[in-house]
There are 2 protein chains.
Amino acid sequence: MTLRHYQIFVAVCDAMNMTAAAESLFMSQPAVSQAIAELEKNYEVRLFERLSRKLYLTEAGEKLLGYARHMLRMNDDVEKDMKLLRESGTIRLGASVTVGAYVLPRLVSAFKEENRRTAVRVVEDNTRQIEHLIMTDQLDFGIVEGDTVSPDIVVHPLMDDELTLVCARTHRFAGLSAVMPEELEKEDFIVREKGSGTRKTFEDTMALNGLSWREAWTCNNADTIRAAVAAGLGVSVISARAVARDAASGLLCALPVKALQFRRTFKIVYHKNKFLTVPMRKFMELCMKSRA
Amino acid sequence: MTLRHYQIFVAVCDAMNMTAAAESLFMSQPAVSQAIAELEKNYEVRLFERLSRKLYLTEAGEKLLGYARHMLRMNDDVEKDMKLLRESGTIRLGASVTVGAYVLPRLVSAFKEENRRTAVRVVEDNTRQIEHLIMTDQLDFGIVEGDTVSPDIVVHPLMDDELTLVCARTHRFAGLSAVMPEELEKEDFIVREKGSGTRKTFEDTMALNGLSWREAWTCNNADTIRAAVAAGLGVSVISARAVARDAASGLLCALPVKALQFRRTFKIVYHKNKFLTVPMRKFMELCMKSRA
DNA sequence: TACATTTACGGTCTTCGTAATAATG
DNA sequence: CATTATTACGAAGACCGTAAATGTA
């Protein structure tokens, strides 16, 4: 028996008259009659007594009616829920550390402003981990700074991120319009841990320019770095976004290195077979539009 | 979308693998694939992510799964309930007064003995009312003493019922082996009300035999009649079944009238289009078997 | 290559319409 | 005779099978 049978049955119960039920369902009366007959045959019960051109619902009919109404109601609810999910399902978003700290909060809150019914869940971890979560559909997509490995990952460059040299306001560099690259070799560096994208960009760029450097302090977050730099324990090269506020307030100095740029790109990444829902695409569009 | 779609969907969720689901459903794998595709198309949501030969249930899939399981469960329950009702639905039984008081209790309790799951509801009223309730499917069938009117009522004679003359043990009739019909005309009669089947049988038989009679007391129940007769207030003609116990205990005397019988028939009656369930037929068979 | 899913296509059963028949008031 | 339900039958479509194609490990 199909939901259609139940639907017809309920219509007949509501009308207690097959002809009227057929009309309400915009179908022929014999089709209704047949559907009821099929139900009765299938369950081997009589659903209606037909006495003197009138229909009377039997005990079995009464019982079935309860179930049928419930099932049809559920089916309608499915429709509604699917529609809702189609337009506002949860977004499971991955972010690598720098992105998560300095880019995403702004984007997520802007998105939520315009899509209040869509929940956004963010997982922050290193690029490698984010990639794995995407490959196993534990995340819908990610915004990362590092490079992905799998050829099944689609990569959309989102925005460039510039690392900048920072020092304390009391440091000898403070006030210079630019620092000569060789000067860096004389400094103590406070750096992120191995495996960090920031660290990798810094190392790669230094190596590319034939510059050596001294590691004075290693830590896994930008807050500690800013504090240590401000305290004059050394200099660092971290995302300009991470020090924008402190540079403006004068707590730290951010300054360029002559003829040398620490650059990387933030990218939106997802599995090439991933089905992107409307809210997911909306979020991505918002990211692309708001790249600064 | 049909229940079949949901059934297939649930199987795929259970296996998280279309091929295995197809096997468990004893159907081809493409058919499963198609059912899922139809669901996804219909609701315009993706139910599974297909990443690297693996299936992952989406948020929408998760939601749908909950509904689908519920609906399928209900559908199974319908099956069970219908089966139960088929074999043990309620019996709505009508009985006219004498039948209800002196015949039915025995039959119903005998029936319940062997059909514990079948509920029996009895409505006791006069034949005319019982017939109306049957015509409007408020009763499944009836056992009545009177005659039905509608040509749509099927009538099965069930058992003869003999009315007997009763008097007090101190009455002048007491001890006689038979009473001469003419003697009746000298007695005071305690009778049932007009409209009663018992009264009608009595009146008809008396009239048929050219006998007149005196009405001393009218009441609508056999208990009062027995009490009044026992008190020597008159004689009566009522169902032998109603006085069997009192006659045996010597409280009353039941005796034949020479060459005269007060007879009527109890009948099983139902609408000719009435669908008789298994328990209903069982009850009728029990009635026919146990006719005394 | 081997395995899983999707696409293509065709046969069979279902569903529903029209028309005819039966039953009822 | 008008109204309602059932039966009969045929066309359109759904369902599911086989075969081939596609995509991955």
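Letters A, B, ... are given to chains in the order of the sequence lines, protein chains preceding strands, and every chain is numbered from 1.
- The listed nucleotides are dT5(C), dT6(C), dC16(C); the one nearest the side chain of Ile8(A) is dC16(C).
- One distance of note links CZ of Arg69(B) with CZ of Phe9(B); it measures 9.0 Å at 0.5 Å rounding.
- Note on Asp140(A) versus Lys274(A): salt bridge recorded, some NZ/NE/NH1/NH2 to OD/OE distance being below 4.0 Å.
- With respect to the salt-bridge test (charged N to carboxylate O, under 4.0 angstrom), the residues Arg50(A) and Glu40(A) qualify.
- Taking only side-chain nitrogens and oxygens, Lys272(A) comes nearer than 4.0 Å to OP1 or OP2 of dT24(D).
- Using a 4.0 Å heavy-atom cutoff across all strands shown, Ser28(A) reaches at least one base atom of the nucleic acid.
- Note that NZ of Lys267(B) and CG of Leu158(B) are 11.0 Å apart. Values are rounded to the nearest 0.5 Å.
- Protein atom CD of Glu23(A) is 16 Å distant from nucleotide atom C1' of dG17(C), rounded to whole Å.
- Between the CZ atom of Phe275(B) and the C1' atom of dA5(D) there is a distance of 18 Å, given to the nearest Å.
- Nearest nucleotide to the Ala31(B) side chain, out of dG17(D), dT6(D), dT7(C): dG17(D).
- Close to dT5(C), at under 4.0 Å from its OP1 or OP2, lies a side-chain N or O of Thr19(B).
- Atom CG of Leu51(B) is separated from atom P of dG23(D) by 16 Å (rounded to the nearest Å).
- At a threshold of 4.0 angstrom between heavy atoms, the contacts of Lys54(A) with the nucleic acid are absent.
- The separation between Phe26(A) atom CZ and dG17(C) atom P is 12 Å, rounded to whole Å.
- Exactly one residue among Tyr270(A), Phe266(A), Phe141(A) makes a ring-ring contact (aromatic ring centres under 6.0 Å, His included) with His156(A). That residue is Tyr270(A).
- Separating the CG atom of Asp152(B) from the C1' atom of dA22(C) is a distance of 15 Å, rounded to the nearest angstrom.
- One interatomic measurement links the two molecules: CG of Leu39(A) to C1' of dT14(C), which rounds to 14 Å at whole-angstrom precision.
- Each of Pro30(A) and Thr2(A) lies near DNA chain C, and the nucleotide nearest Thr2(A) is the one positioned closer to the 5' end.
- No donor-acceptor contact under 3.5 Å links the side chain of Arg53(A) to the base of dT4(D).
- For Gln34(B), counting side-chain heavy atoms from C-beta on, the closest listed nucleotide (dC16(C), dT5(C), dG17(D)) is dG17(D).
- To the nearest angstrom, P of dT15(C) lies 12 Å from CG of Leu3(A).
- Position along DNA chain C of the nearest nucleotide to His271(B) versus Met27(A) favours Met27(A) as the more 5'-ward residue.
- No side-chain donor from either of Arg46(B) and Thr277(A) sits under 3.5 Å from a side-chain acceptor of the other.
- At dA5(D), none of the side-chain N or O atoms of Asn273(B) fall inside 4.0 Å of OP1 or OP2 (strictly under the cut-off).
- An OP1 or OP2 oxygen of dA14(D) is reached within less than 4.0 angstrom by no side-chain nitrogen or oxygen of Arg4(B).
- Nearest nucleotide to the Leu55(A) side chain, out of dT5(C), dC15(D), dA5(D): dA5(D).
- Checking the phosphate oxygens (OP1, OP2) of dA25(D), a side-chain nitrogen or oxygen of Ser52(B) falls inside 4.0 Å.
- If you find the closest nucleotide of DNA chain D to Glu40(A) and to His5(B), the one lying nearer the 5' end belongs to Glu40(A).
- An OP1 or OP2 oxygen of dT24(C) is reached within less than 4.0 angstrom by no side-chain nitrogen or oxygen of Arg50(A).
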